[in-house]
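Structure record follows, encoded as structure tokens.
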Amino acid sequence: MATDKVVETVIVGNYVEMETEGKPKDMKSKLSKFFWHGGSAYDAWFSCASNQVAQVLLTLPYSFSQLGMLSGILFQLFYGLMGSWTAYLISILYVEYRTRKEREKVDFRNHVIQWFEVLDGLLGKHWRNVGLAFNCTFLLFGSVIQLIACASNIYYINDNLDKRTWTYIFGACCATTVFIPSFHNYRIWSFLGLVMTTYTAWYLTIASLLHGQVEGVKHSGPTKLVLYFTGATNILYTFGGHAVTVEIMHAMWKPQKFKAIYLLATLYVLTLTLPSAAAVYWAFGDMLLNHSNAFALLPRSPLRDMAVILMLIHQFITFGFACTPLYFVWEKAIGMHECKSLCKRAAARLPVVIPIWFLAIIFPFFGPINSTVGSLLVSFTVYIIPALAHIFTFKSATARENAVEQPPKFVGRWVGTYTINMFVVVWVLVVGFGFGGWASVTNFIHQIDTFGLFTKCYQCPPPPLPPSSHPLNATAAAAPPLHHPLNHTLHP
């Protein structure tokens with residue numbers, strides 16, 4: 001017990017010193033601290049919940065049309081629980097790493113700890129390299145998805161510009177996130193982001209119920225394995241938003257309080273994702289197979305426009321969440337991480353945004369890209385690697401005995417923890433990466449074959465036919481549609 005208290009003092013001591021130096025004295029500084037500097041458990045909860053339920057809220061009804069109602073609900077509950085478990089493992093490994101380093105008198109005063117550094121400190125450079133590769137690639141495509149979502153959503157308010165042009169515009173807007181120093185500074189943004197997604201989720205739910213079922217609605221899913229596993233991996237992606245767990249923990253004044261925060265955030269997220277996805281699927285059924293964005297099927301109204309605008313703002317916030325760890329990695333690579341000039345750091349970060357912008361223009365496949373990223377990247381980044389890292393970190397009896405955090409009794413201590421970890425590894429490797437990878441890549445290739453790379457306006461309705469003054473000109477006047485009218489997903 002005495003040892004635990006000493007360890008806690010070590011963990012919290014340096015961090016409290018780092019965060020409370022130079023307490024604000026005037027009202028302006030106090031207001032700035034209130035809105036700008038967050039490090040409490042509440043801030044972490046808002047960050048986790050806000051980051052987890054971003055644009056994927058709009059694609060979950062599409063996943064329900066692929067999975068069917070029952071499977072859609074069960075997969076959300078299952079992957080929500082599994083995601084909370086692996087987020088817990090990441091938090092345990094972070095505390096273990098930080099405690100060991102601070103016992104060696106390492107000072108993190110001007111340094112943000114990241115997941116690949118945790119792997120390096122606990123398991124060596126090979127684990128670091130693998131973790132860094134998967135984490136950076138996932139966060140890169142996570143940022144790409146937010147940019148694609150911005151263009152997809154704004155099109156439902158203003159279709160005077162095509163989605164590619166909107167991607168150019170929002171790419172420039174999202175580049176301003178280079179001026180946000182770290183996750184400490186997302187306090188007000190995390191709170192507002194969660195308010196925005198809460199409004200959108202309940203708008204989708206209530207609007208769908210009031211709209212009622214469309215005439216002749218069909219709920220035929222699941223009908224084909226490719227569709228089934230594509231939908232399942234989108235849900236795997238939904239609850240795999242804890243690739244930034246370490247950075248969020250590092251922004252906390254008492255990071256050891258994080259253990260249950262992700263689970264509590266997931267429980268709240270489920271109150272948003274389950275009703276909205278179920279209600280939209282109930283109302284529109286198989287029509288969702290042709291529309292990966294739920295906004296596309298709901299009639300335009302001021303309430304829908306408000307939901308679109310709020311989601312746009314939230315996607316800007318989530319872009320920052322996904323991109324900030326990439327900024328840190330880049331800063332460390334070029335030796336700018338400990339620079340105290342915000343303008344210099346912002347300028348140094350700009351090259352990170354350019355490939356994200358470019359990839360969003362190449363692959364504008366809103367919906368299918370989520371499943372592909374989920375199966376190929378999320379499966380390893382936030383499920384398989386954390387579970388294996390926990391197993392290998394505590395494989396020796398000495399490591400288990402000296403662990404800063406012992407596994408809880410209700411999971412069966414070390415035996416139960418190892419059993420759960422192995423189940424996570426096998427399940428995600430076979431179902432998520434194996435079947436999910438096959439299905440999502442097949443569907444993604446179908447998008448490329450149907451719409452092509454660099455498509456100007458993915459899933460946009462064909463332009464109106466020009467008027468014809470003579471019946472003989474009717475055939476010639478009927479210009480080909482902007483996109484092939486085939487279903488954007490694989491037909492059953």
Problem - From CA spacing to verdict: side chain to side chain contact (heavy atoms under 4.5 Å, CB included), H337, V112 - result: CA-CA 9 Å; H337 186 58; V112 177; 3.9 Å; yes

Handout entry: Intermediate values then yes/no, ring pair (Phe, Tyr, Trp, His ring centres under 6.0 Å), F392 and W127
Key = CA-CA 11 Å; F392 282 94; W127 282 82; 5.6 Å; yes

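Shown here for A175 and V353, the closest heavy-atom pair between the two residues is CB-CG1, 4.0 Å. In plain terms, the two heavy atoms of W115 and T381 that are nearest each other are NE1-O, 4.2 Å. Annotation for L326 and S143: closest pair CD1-OG, 4.5 Å, computed over non-hydrogen atoms. Taking every heavy atom of both residues into account, Y268 and L194 meet most closely at CE2-CD1, 3.8 Å.
Of the possible donor and acceptor atoms, none in the side chain of T177 sits under 3.5 Å from a partner among the backbone N and O of G320. Side-chain N or O atoms of R304 include one that pairs as donor or acceptor with a backbone N or O of Y156 at under 3.5 Å. The backbone N or O of A439 lies less than 3.5 Å from no partner atom in the side chain of N443, so there is not a single donor-acceptor pair. Side chain of T318 to main chain of F321: no donor-acceptor pair is present (N/O by atom type, distance under 3.5 Å, no hydrogens or angles). Looking only at distances, a side-chain donor or acceptor of D43 sits under 3.5 Å from a matching main-chain atom of S40.
At a threshold of 4.0 Å, the pair D305-R300 counts as salt-bridged, since one of the basic side-chain nitrogens sits closer than that to a carboxylate oxygen. Using a 4.0 Å cut-off between charged nitrogen and carboxylate oxygen, E331 and R345 count as a salt-bridge pair. A salt bridge does not link E104 to R100: none of the charged nitrogens lies less than 4.0 Å from a carboxylate oxygen.
S276 is listed as a side-chain neighbour of L57, based on a closest heavy-atom distance under 4.5 Å. In this structure, M82 and F239 have side chains that are not in contact, with every pair of non-hydrogen atoms separated by 4.5 Å or more. Contact of the T271 side chain with the T198 side chain is not registered, since no non-hydrogen atoms from C-beta on lie closer than 4.5 Å. Between E247 and T324 there is no side-chain heavy-atom pair separated by less than 4.5 Å. Within the 4.5 Å cutoff, side-chain heavy atoms of F258 are placed close to those of C48. Using a 4.5 Å cut-off on side-chain heavy atoms (C-beta onward), P255 and Y94 make contact. Counting heavy atoms from C-beta outward, N293 and T59 have side chains that stay 4.5 Å or more apart. Side-chain contact check for V118 versus R98: every heavy-atom pair is 4.5 Å or farther apart.
The aromatic ring centroids of F170 and F316 lie 6.0 Å or more from each other. Ring to ring, Y62 and H291 are not that close: their centroids are 6.0 angstrom or more apart. Aromatic ring centres of F78 and W427: separated by under 6.0 Å. Ring centers of Y88 and W85: under 6.0 Å apart, within the cut-off. Under the 6.0 Å cut-off for aromatic ring centres, Y262 and W45 do not qualify, their centroids lying 6.0 Å or more apart.
Atoms CD1 and CG, on I235 and L67 in that order, are 5.0 Å from each other to the nearest 0.5 Å. The structure places CG of L288 at 5.0 Å from OG of S65, a figure rounded to the nearest 0.5 Å.
Among F433, Y383, F380, the single residue meeting the ring pair (Phe, Tyr, Trp, His ring centres under 6.0 Å) criterion with F134 is F380. Among the candidates T372, I369, V56, V373, the single residue satisfying the side-chain contact (heavy atoms from CB on, under 4.5 Å) test with N234 is V56.
Between F363 and F444, the ring planes lie tilted relative to each other; the angle falls in the 30° to 60° range.
Heavy atoms from other residues, nucleotides or ligands lying under 6.0 Å from NZ of K332 number more than 12. By the neighbour-count criterion of 12 heavy atoms within 6.0 Å, atom CZ of F435 is sparsely surrounded, having that number or fewer from other residues, nucleotides or ligands.
A donor-acceptor contact closer than 3.5 angstrom is absent between the side chains of E96 and T393.
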